[in-house]
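Structure first, then comments.
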2 protein chains.
Amino acid sequence: MVHNGGMTTLQIVESTAAEACCTPSGMQVLGADEAQGKAQLFKALADPNRLRLLSIVKASDGGEACVCDLTEPLDLGQPTVSHHLKILVDAGLLHREKRGTWAYYSLVPGALERTADLLSAL
Amino acid sequence: MVHNGGMTTLQIVESTAAEACCTPSGMQVLGADEAQGKAQLFKALADPNRLRLLSIVKASDGGEACVCDLTEPLDLGQPTVSHHLKILVDAGLLHREKRGTWAYYSLVPGALERTADLLSAL
DNA sequence: TCGGCATATCGATCATCATCAATCTATCCA
DNA sequence: TGGATAGATTGATGATGATCGATATGCCGA
């Protein structure tokens with residue numbers, strides 16, 4: 001609100017869900033739909049155990065780890081770890097590959113960097 | 001877990017709460033305390049309305065905005081906006097300056113960039 | 001000093017989330 | 001084929017969070 005009686009110059013840019021992840025060129029401030037999608041990504045990062053999962057996977061030999069690698073260091077039950085991994089996969093941060101009995105998780109290349117860019121581009 | 005019967009090579013590095021935000025040089029994976037602190041920061045970003053608040057403040061004239069600038073575009077009640085702003089201030093992302101009756105909020109310089117760096121450095 | 005305005009805080013409510021125990025599915029091996 | 005193992009799914013529970021109405025605080029102008 002401008003206290004000299006003038007109009008505010010802010011422009012709210014709305015967008016459809018389909019284009020929620022690509023930024024319109026003329027955008028001034030984040031629209032509701034884009035904000036929703038980006039918040040979803042940060043929600044995936046807003047848990048200490050999920051941050052540790054990403055860190056352990058990144059530091060693991062070969063850049064991948066299976067669930068049994070991740071249960072012990074986090075001191076969580078296997079279903080809970082599996083649940084967190086699913087959230088990270090759904091967010092596009094982790095990749096899941098099943099080989100035989102084991103499921104191997106690895107970082108999606110560039111995903112963390114793209115997420116970081118979201119912040120600078122806010 | 002290494003399936004050839006050998007020991008795992010992962011090292012968990014713990015740290016006290018006091019040093020939760022500075023990364024020890026020899027660190028391999030995120031310890032529980034560091035993860036806690038970093039998750040707290042991402043929690044502040046994990047809400048679409050708070051992302052829009054940051055975006056509006058950043059795009060505002062002079063880089064600052066008061067609560068009455070922010071209530072209308074978000075279509076939220078004033079107490080709710082005030083609540084979100086407090087979370088962003090507590091997270092170190094926004095700065096609050098009271099001038100007369102109005103409270104002006106502005107981005108903490110470099111805060112978003114530092115948060116982005118947390119991701120690349122995971 | 002008083003009334004009005006901007007903002008903050010409080011208390012309650014409803015929704016979301018993290019976690020676990022139990023169970024299910026799929027794969028491997030004997 | 002049957003048992004064992006890795007991982008996913010389900011259902012329940014306790015905790016955390018977003019939102020609002022009501023109220024408190026603090027500042028300004030008459």
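Per chain, numbering begins at 1; letters A, B, ... match sequence-line order.
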Out of D:dG7, C:dT7, C:dA21, whichever nucleotide has its closest atom nearest the side chain of A:Pro79: C:dA21

When the nearest nucleotide of DNA chain C is assigned to A:Arg99 and to A:His84 on a heavy-atom basis, which residue is associated with the more 5' position? A:His84

Side-chain-base donor-acceptor pair under 3.5 Å for B:Gln78 and C:dA8: yes

So, does B:Arg96 get its side chain near the phosphate of C:dA8, meaning an N or O under 4.0 Å from OP1 or OP2? yes

Nearest non-hydrogen partners of A:Leu119 and B:Ala116, listed with the distance: CD1-N, 3.7 Å

Can you measure B:Leu53 atom CG to D:dT19 atom C1' for me and round it to whole angstrom units? 14 Å

Would you kindly give the CG-to-P distance between A:Leu88 and D:dA8, to the nearest whole Å? 12 Å

Can you tell me how far apart CG (B:Leu76) and CG (B:Asn49) are? Round to the nearest 0.5 Å. 4.5 Å

From the options D:dA8, D:dT9, C:dC28, select the nucleotide whose nearest atom is closest to the side chain of A:Lys86. D:dT9

Looking only at the side chain of A:Val67 (C-beta and beyond, no hydrogens), which of the listed nucleotides C:dT19, C:dT7, D:dG7 gets closest? D:dG7

First of B:Tyr105 and A:Ala46 reached from the 5' end of DNA chain C, by closest nucleotide: B:Tyr105

At 4.0 Å (heavy atoms only), tell me whether A:Lys98 reaches a base, stays on the sugar-phosphate, or touches nothing. nothing

Would you tell me if any nitrogen or oxygen in the side chain of B:Ser82 comes within less than 4.0 Å of OP1 or OP2 on C:dA8? yes

Atom CG of B:Leu85 and atom C1' of D:dA18 are separated, to the nearest Å, by 14 Å

Does a side-chain N or O from A:His83 land closer than 4.0 Å to OP1 or OP2 of C:dT19, or not? no

For atom OH of B:Tyr104 and atom P of D:dG26, their distance in whole Å: 19 Å

Distance, rounded to the nearest Å, where B:Trp102 contributes CH2 and C:dT7 contributes P: 8 Å

Flag the pair A:Ile87 / A:His83 as yes when at least one side-chain heavy-atom distance between them is below 4.5 Å, and no otherwise. yes

Counting side-chain heavy atoms from C-beta on, which of D:dT19, C:dT7, C:dT19 comes nearest to B:Asp47? D:dT19

Answer whether the closest heavy-atom distance between the side chains of A:Leu53 and A:Tyr105 falls below 4.5 Å. no

Quick one: is D:dC20 close enough that its OP1 or OP2 comes under 4.0 Å of any side-chain N or O from B:Thr80? yes

Can you measure A:Phe42 atom CZ to D:dA18 atom P for me and round it to whole angstrom units? 15 Å

Side chain of A:Cys68 only, please: which of C:dT7, D:dG7, C:dT19 is the nearest? D:dG7

Can you check whether B:Leu94 reaches B:Leu107 side chain to side chain, under 4.5 Å on heavy atoms? yes

A:Ile87 CD1 to D:dT9 P: how many Å, rounded? 12 Å

Check whether any side-chain heavy atom of B:Leu85 sits under 4.5 Å from a side-chain heavy atom of B:Leu70, and report yes or no. yes

Measure from CG on B:Leu76 to P on C:dT7 and round the result to the nearest Å. 15 Å

